[in-house]
Amino acid sequence: MSHIEYLNALNPKQREAVAAAPGHQLVLAGAGSGKTRVLVSRIAWLLQHEPITPANILAVTFTNKAAREMRERLGDILQLPLHSMWVGTFHGLAHRLLRAHWQEADLPQQFQIIDSEDQSRIIKRIHKAMGLDTEKWPPRQSQWFINGKKDEGVRAGNIQDSGDYLVEKLTKVYREYERVCQQNGLVDFAELLLRSHELWLKDATLLAHYQDRFKYILVDEFQDTNSIQYAWLKMLAGKNAFLTAVGDDDQSIYGWRGAKIENIHRFTREFSNTTTVRLEQNYRSTKNILSAANSVIENNCNRLGKELWTEDKAGDLITVYAAYNEVDEAKYIIDSVSEHLRNGVARSEAAILYRSNAQSRVLEEQLLLQGIPYRIYGGMKFFERAEIKDALAYLRLLMNRDNDISFERIVNTPARSIGNVTLTKVREYARGEDSSLFAATRQMLRNNSFSGRATNALSGFIQLMEDVAEEIADLTLPEAIAHVLHRSGLREFFNNDKSEKGKARVENLNELISAARQFEVEENDDLVTAFLSHAALEAGEGQADASEDSVQLMTLHSAKGLEFPIVFIAGMEAGLFPHQMSLDEEKLEEERRLCYVGMTRARQKLYLTYANSRRVYGIENYRQPSRFLREIPKELIESYGAVTQITRPTTFVEKPSYNVASEIADTGLKVGQQVQHKKFGEGVILNYEGSGSHTRIQVQFARHGTKWLVAAYANLSA
DNA sequence: TACGGCCAACTTTTT
DNA sequence: GTTGGCCGTA
């Protein structure tokens, strides 16, 4: 696309942001207002109008996906080589800095990145070593504490002695955790940012170099930045660079993870002469969907103020369906999906969103029942799978024999008869000698410290690692991985598992080799280290068969940034959404933003559903509709299903095309109707099947659960 | 060392 | 109701 063309493709507000004179900018970009287009066009515009090169630009995002997309679109617009431009995630860019300056950052050259599971293992080990009772000191709490502090830019050494016993203890764990990571050459996600920030802080020359280089810094999803990310940006920007912050305070949904919406205010305060542009024209949704979303978000205080509008048609009303229970809700949703599919909608054009993962099960069951392919987002990522992490742990240990975390993971995987008793001895010895587990084992073997069996097993393992390290030295990365899988016995171990799970694991191991093969083409220097970093920083997709056309299921959180023609939000109930644990004012506003995010995913048709009764942890509860439903103007809604009064279903609104509302032939009964049964008492008709004398009716009884009854014998009365 | 049974936990999760 | 983690026994 040429210069003129991309400017012409913008609306006036977008153009104002893109063609602004050099300076700090805040772009408040509403949902679906074309913010990526603006970011990319801004970069193109700067390159054409300012005396700079791609090397002077740094663009940062939160997700790998967003970074990839930005890079691709830049490639489309600009006919320039872009490799010198820094485009990536906060963590990716911080990692790049630390790799380049590992010495100044006081890290070993082969430092490795750990994910939250590795982190949790380390903390558990520390708790054990410190003799902390798991009941009283849940490792999760320590992990939360440590990450929280790091996100604030606070080291264990900086935590004030408050006299608070809890904080004191957690700080001790934090300090020990820092020590273990440093000794093992491990860096967690938060550490990447903290460490690179400190690197600049202590090395003025280095900082000056980067400040001098990056004249323009552009940040996506600014509302999601936490304290350390803000500090990182501010330091890098220095006095001379211009910062463009793009974000939407109404879409801040990660406050619980340390994101600070206040950073938007702080930015306009601390970066002088910031110009603010609001992008409020939405190119995604119909008028009705936007009005509804606007009405909901208006209930939040402390907004920067923004109202989306569109030139699109009014479109369909928002369908609200009140289900009897979660099964009925799922049936309604899947039936509606089927109807859309029959009308020519592709499966991937329909998305079902929910507040918590537990809700997906009922939906899945109905999809399976109707044979509709679906895909669940989130869950286990490729590089997070146990078998993959085992394989990578071998590689990690081969790269750095002092990596105790990897040692612990694989020393007895697959089983080599190295038990806990033996390992406890090794751990104690290592602790005393202040050495790694690998070194300690070797020393103890020399000292004949083990029983015969343990000696054999351990020397076998040590020898294996030494041998394999030599054997793979001259191999390509995929060859090396294949070799490690073979020699470690991992492949055979999973091969012997003939279950579906075992087969899937072997497939994943093969997939790992192909991932390595692909990777090899892209990178070149220290391939193994780069591959391991890549595995940690970009955990990959959740499911392999992403290509098949399928209905999309995901949490509201993972839906951010996506859009679908047809969107269902399930479980619009008080206690579930907003969640029970988010009822205080601040958290409630975040839940409302989450609702806003969910609603604005929809392009043409939005369904909101709730159940009057839902099983939660196996217990049936009666539920109230979510307050967010009440915040939508009635004239934008068409309601179906059982409209509640207090707790009981009373009236029923008919929807012509959906069989739930229609009369069941020859019975004088309707779905949704309240009925009496001699034995089971009071109940509500959920569904029926068959006709004539074969008609069976599904009734949910107040006291006896859900039952299928043959209409001819059941003798149900209204 | 491995498996089975028992108990408690249980919102969201870009890296 | 389901899952993960811990502990006790073959």
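In the text below, chain A, chain B and the rest are named by the order of the sequence lines, each starting its count at 1.
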Nearest-angstrom distance from the residue atom [atom1] of [X] to [atom2] of [N]:
{"X": "Arg614(A)", "N": "dG1(C)", "atom1": "CZ", "atom2": "C1'", "value": "14 Å"}
{"X": "Leu553(A)", "N": "dT12(B)", "atom1": "CG", "atom2": "P", "value": "14 Å"}
{"X": "Trp137(A)", "N": "dC6(C)", "atom1": "CH2", "atom2": "P", "value": "18 Å"}
{"X": "Glu117(A)", "N": "dT13(B)", "atom1": "CD", "atom2": "P", "value": "17 Å"}
{"X": "Tyr617(A)", "N": "dC10(B)", "atom1": "OH", "atom2": "P", "value": "8 Å"}
{"X": "Tyr596(A)", "N": "dT12(B)", "atom1": "OH", "atom2": "P", "value": "24 Å"}
{"X": "Arg615(A)", "N": "dG1(C)", "atom1": "CZ", "atom2": "C1'", "value": "8 Å"}

Counting only side-chain nitrogens and oxygens, does [X] get under 4.0 Å of the OP1 or OP2 atom of [N]?
{"X": "Thr555(A)", "N": "dT13(B)", "answer": "yes"}
{"X": "Asn357(A)", "N": "dT13(B)", "answer": "yes"}
{"X": "Arg361(A)", "N": "dT2(C)", "answer": "yes"}

So that I know where these two stand, are [X] and [Y] an aromatic pair - ring centroids less than 6.0 Å apart?
{"X": "Phe214(A)", "Y": "Trp86(A)", "answer": "yes"}
{"X": "Trp256(A)", "Y": "His557(A)", "answer": "yes"}
{"X": "Phe62(A)", "Y": "Phe222(A)", "answer": "no"}
{"X": "Phe90(A)", "Y": "His95(A)", "answer": "no"}

Sugar-phosphate, base or nothing in reach of Glu384(A), heavy atoms under 4.0 Å: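 Nothing, no heavy atom under 4.0 Å.
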Sugar-phosphate, base or nothing in reach of Tyr254(A), heavy atoms under 4.0 Å: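 Contact class for Tyr254(A): base.
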Heavy-atom side-chain contact between Trp144(A) and Ile146(A) under 4.5 Å: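 The answer is no; the side chains never approach within 4.5 Å.
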Selection: residues 567-587 of chain A, any non-hydrogen atom under 4.0 Å of DNA chain B: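 Residues of residues 567-587 of chain A that come under 4.0 Å of DNA chain B are, in numerical order, His579(A), Met581(A), Ser582(A).
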Please tabulate the protein-to-nucleotide N/O contacts below 3.5 Å involving nucleotides 1-3 of chain B, giving atom names and distances.
| residue | atom | partner | partner atom | Å |
| --- | --- | --- | --- | --- |
| dT1(B) | OP1 | Ser417(A) | O | 3.3 |
| dT1(B) | OP1 | Ile418(A) | N | 3.1 |
| dT1(B) | OP1 | Ile418(A) | O | 3.3 |
| dT1(B) | OP1 | Gly419(A) | N | 2.4 |
| dT1(B) | OP2 | Gly419(A) | N | 3.2 |
| dT1(B) | OP2 | Asn420(A) | N | 3.3 |

Side chain to side chain donor-acceptor pair (under 3.5 Å) assessment of Glu573(A) paired with Ser626(A): CA-CA 4 Å; Glu573(A) 295 148 34; Ser626(A) 167; over 6 Å; no
